[in-house]
Asks: 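Pasting in a structure now, in structure tokens, and then I'll have a few things to ask.
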Amino acid sequence: MAFTGNYTCNSFKQQLFEGDFDFSATTTQTFKIALYTNDATLDQTTTAYTTTGEVVATGYTAGGGLITPSLATDSSTGVTYVDFSNASWSGAFTARGALIYRVTTGNPAICVLDFGSDKTSTTTFQVEFPPNTSTTSLIRLS
């Protein structure tokens, strides 16, 4: 089993504090989500997008799909959080997990998503992110 959980990548944590990522509404940075089969080996040590184990199917393009970040701060708790737009692909295929990454030199990894089991679509495959709140968003800093 290649996927063992959801992870914020260690390299992303370092690069975040180095100022390499911008999730603001005015960002010129581009973000993607790539889908993977259970043949992929992705975890907290993943440093960059890889094609190894990526879904190969009609309707899915290597590299995945574009997603748009949304950055906010909860003034009552002081928690800053990032959400992403949902992503979808037309086609029938199976994916076990995903990698969110920034499109730039080296395609640095942000986080690994484990779907918990293989997920199969018959017409449209959609990744729906949790609600954009200080307690449910994928990336939170308090």
Asks: Of the non-hydrogen atoms in K119 and F115, which two are nearest, and what is the gap between them?
Replies: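 Looks like CE-O, 3.4 Å.
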
Asks: Roughly how far, to the nearest 0.5 Å, is the OG1 atom of T47 from the OH atom of Y101?
Replies: 13.5 Å

Asks: Can you measure from CG (L113) to CZ (F129) and round to the nearest 0.5 angstrom?
Replies: 6.0 Å

Asks: Do I33 and L99 have side chains that get closer than 4.5 Å, going by heavy atoms?
Replies: no

Asks: Which pair of heavy atoms, one from N132 and one from T136, lies closest together, and at what distance?
Replies: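 Scanning both residues completely, I find the closest heavy atoms to be N-OG1, 4.4 Å.
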
Asks: Can you tell me if S121 uses its side chain to pair, donor with acceptor, with the backbone of G91 under 3.5 Å?
Replies: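 Yes, the answer is positive, given that a donor and an acceptor are paired below the 3.5 Å cut-off.
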
Asks: Whether the side chain of T46 engages the backbone of D43 through a donor-acceptor N/O pair (distance < 3.5 Å, no angle test) should be reported.
Replies: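 Answer holds: yes.
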
Asks: Taking atom OG1 of T73 and atom CG of L71, what is their separation to the nearest 0.5 Å?
Replies: 6.0 Å

Asks: Scan side-chain atoms only and decide if T94 and D118 contain a donor-acceptor pair under the 3.5 Å cut-off.
Replies: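 Short answer, no.
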
Asks: If Ile, Leu, Val, Met, Phe, Trp and Tyr residues are connected whenever their side-chain heavy atoms lie under 4.5 Å apart, and connections chain through other members, are V103 and V112 in the same group?
Replies: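 Yes.
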
Asks: If you round to the nearest 0.5 Å, how far is CZ of F31 from OG of S85?
Replies: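 Here the interatomic distance stands at 11.0 Å.
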
Asks: Are the side chain of Q29 and the backbone of D22 linked by a donor-acceptor contact shorter than 3.5 Å?
Replies: yes

Asks: Any side-chain heavy-atom pair from Y81 and D74 closer than 4.5 angstrom?
Replies: yes

Asks: Counting C-beta onward and ignoring hydrogens, is there a side-chain heavy-atom pair between W89 and V127 closer than 4.5 Å?
Replies: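 Heavy-atom side-chain distance check passes, below 4.5 Å.
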
Asks: Flag the pair D20 / Q14 as yes when at least one side-chain heavy-atom distance between them is below 4.5 Å, and no otherwise.
Replies: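 In short, these two side chains do not touch, never coming nearer than 4.5 Å.
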
Asks: Spell out, yes or no, whether I67 and Y49 are grouped together once hydrophobic residues are joined by side-chain heavy atoms under 4.5 Å, including indirect joins.
Replies: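 No, no single cluster joins them.
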
Asks: Can you list everything that forms a ring-ring contact (aromatic ring centres under 6.0 Å, His included) with Y36? Sequence neighbours excluded, please.
Replies: none

Asks: Going by distance alone, is a donor N or O of one side chain under 3.5 Å from an acceptor N or O of the other, for K32 and T30?
Replies: no

Asks: Identify each donor-acceptor pair in which a side-chain atom of residues 5-12 lies under 3.5 Å from a protein atom, sequence neighbours left out, and give them as a table.
Replies:
residue: N6; atom: OD1; partner: D114; partner atom: N; Å: 2.6
residue: Y7; atom: OH; partner: T4; partner atom: OG1; Å: 2.7

Asks: If you define the side chain from C-beta out and look only at heavy atoms, does anything of P130 sit under 4.5 Å from L138?
Replies: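 When only atoms from C-beta onward are counted, L138 and P130 do touch, with a gap below 4.5 Å.
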
Asks: Taking the six-membered ring for Trp, are Y60 and F125 ring centroids under 6.0 Å apart?
Replies: no

Asks: Which pair of heavy atoms, one from A98 and one from L35, lies closest together, and at what distance?
Replies: CB-CD2, 4.0 Å

Asks: When you compare the side chain of F23 with that of I110, does any pair of heavy atoms fall below 4.5 Å?
Replies: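 Contact flag for I110/F23 side chains = yes.
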
Asks: Can I139 be reached from V79 by stepping across I, L, V, M, F, W or Y side chains whose heavy atoms are under 4.5 Å apart?
Replies: no

Asks: What are the two closest heavy atoms between A92 and T122, and how far apart are they?
Replies: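 Closest approach of A92 to T122, heavy atoms only: CB-O, 3.5 Å.
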
Asks: Is it the case that S24 and T27 place a side-chain donor and acceptor less than 3.5 Å from each other?
Replies: no

Asks: Looking only at heavy atoms, what is the nearest atom pair of A34 and E54, with distance?
Replies: CB-OE2, 3.7 Å

Asks: Between R96 and N38, what is the shortest heavy-atom contact and its length?
Replies: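 Result for this residue pair: CG-OD1, 3.4 Å.
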
